[in-house]
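Just the heavy atoms: all of them, side chains too, but no hydrogens, waters or symmetry mates, feed the values below. Proteins come first, then strands; the chains are lettered A, B, ... in the order of their sequence lines, and each starts at number 1.
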2 protein chains.
Amino acid sequence: MKDGGRKQGVMTPCAACKLLRRRCAHDCVFAPYFPADEPHKFGSVHKVFGASNVNKMLQELPEHQRSDAVSSMVYEANARVRDPVYGCVGAISSLQQQVDVLQTQLAQAQAEVVHMKIHQSSSSSDQHQSSPSSENVYHLGSY
Amino acid sequence: MKDGGRKQGVMTPCAACKLLRRRCAHDCVFAPYFPADEPHKFGSVHKVFGASNVNKMLQELPEHQRSDAVSSMVYEANARVRDPVYGCVGAISSLQQQVDVLQTQLAQAQAEVVHMKIHQSSSSSDQHQSSPSSENVYHLGSY
C-alpha cells in the first residue's frame with residue numbers, strides 16, 4: 001500500500017482531528033506532529049492558541065521547521081496551562097534572575113582571584129626583598 | 001457624567017473591539033488592558049492566541065491578576081511574531097545556555113580561589129617554618 005501510514009490515518013485520525021471531530025485528511029497539517037497516542041499534546045495547544053491559529057502558523061512555515069515550531073508551541077501552551085498568569089514568561093523571568101545572581105557571584109569570585117594574585121605577588125616580592133633582617137631592621141629603625 | 005471614561009469608551013472603542021469591529025461594551029473585558037492608542041498590543045495577541053482564547057483566559061482569572069496575564073501574553077505573542085519557530089522558548093533556551101556557561105565559569109573561579117587559598121596557606125606555613133624569625137626562636141625556646 002503506497003500511502004499506508006496515512007491510509008491508516010484516515011481510519012485512526014490524528015489527535016488534533018479527533019479532538020476537533022473532523023475527518024483526518026490525507027494531507028492533514030496536524031497529523032505528522034500530533035499522533036493519536038499523544039492526545040494531551042494537542043489538547044493544551046488547542047486550549048491556548050486555538051486550532052485555527054496553530055494551523056495558520058504551521059502553514060506559514062516551511063515543512064522542515066514545523067516540528068520545532070510544534071515543540072515550542074506545546075512547551076509554551078503547557079507552561080500557560082500550568083501558570084495562567086505568567087506562562088513561560090515566568091520561566092524567562094526566573095532564568096533572568098538566575099543569570100543576574102550568577103553574574104554577581106562570578107564578578108565577586110573573579111575579583112577575589114585578582115585580589116589574591118596581587119596580594120600573592122606583593123607578598124612574594126616582599127619576601128624577596130625582606131629577608132629576616134631587612135624588615136626587622138626597618139622596624140627597629142622606626143622606633 | 002458619572003461613568004465618563006467608559007461612556008467615552010463606547011464612542012472610542014478599545015483596541016480589541018476596534019480590531020474585532022464590535023461594540024465596546026461598558027464591561028468589555030479587554031478595554032482596561034488594550035487602550036485604543038496601543039493597537040499593536042492587541043494585534044499580536046489576537047494573531048497568536050486568538051481573541052476568544054484571550055477573552056476566556058482573562059475571564060478565568062481574578063481581576064487583580066489580569067494585567068500581569070495580559071503583559072505576559074503580549075510578550076509571548078510578540079516573541080512568536082518575531083520568531084515563528086521558537087517564539088519565547090528561544091529566549092528560554094538561550095538564557096538556559098547562559099546559566100550553564102556562567103555556572104561553569106563560577107565553578108572555575110571558585111576552584112581557583114580555593115586552590116590559591118590552599119597554596120597561600122601552605123606557602124605561608126613554609127615561610128613560618130623556614131625563616132629565621134622570632135617565631136622560630138620561640139619554637140626553639142619551647143624545646
Using a 4.5 angstrom heavy-atom cutoff, name the option from [options] with the most pairs to chain B.
options                     : answer
A:Glu60, A:Lys117, A:Gln110 : A:Lys117
A:Val113, A:Leu61, A:Leu58  : A:Val113
A:Leu106, A:Val70, A:Val54  : A:Leu106

Can you tell which part of [X] gets under 4.5 Å to a heavy atom of chain B, answering side chain, backbone, both or neither?
X        : result
A:Lys56  : neither
A:Arg80  : side chain
A:Met116 : both
A:Gln108 : neither
A:Asn53  : side chain

Counting only heavy atoms not in A:Glu63, do more than 12 sit closer than 6.0 Å to its CD atom?
-> no

Check whether any side-chain heavy atom of B:Ile92 lies under 4.5 Å from a side-chain heavy atom of A:Cys88, and answer yes or no.
-> yes

Less than 4.5 Å apart, any side-chain heavy atom of B:Gln96 and any of A:Gln98?
-> no

Do [X] and [Y] land in one hydrophobic cluster if side-chain heavy atoms of ILVMFWY residues count as linked below 4.5 Å?
X       : Y       : answer
A:Val81 : A:Phe42 : yes
A:Val48 : A:Met57 : yes
B:Val89 : A:Phe49 : no

B:Tyr75 portion near chain A, given a 4.5 angstrom heavy-atom threshold | side chain

Can you see which heavy atom on A:Ala109 is nearest to which on B:Ala109, and at what distance?
-> CB-CB, 3.7 Å

Using side-chain contact (heavy atoms from CB on, under 4.5 Å) as the criterion, point out the one residue from A:Gln65, A:Arg66, A:Met73 that pairs with B:Val85.
-> A:Gln65

Stepwise side-chain contact (heavy atoms from CB on, under 4.5 Å) check, B:Gln105 with A:Gln103 = CA-CA 10 Å; B:Gln105 289 177 329; A:Gln103 277 174 335; over 6 Å; no

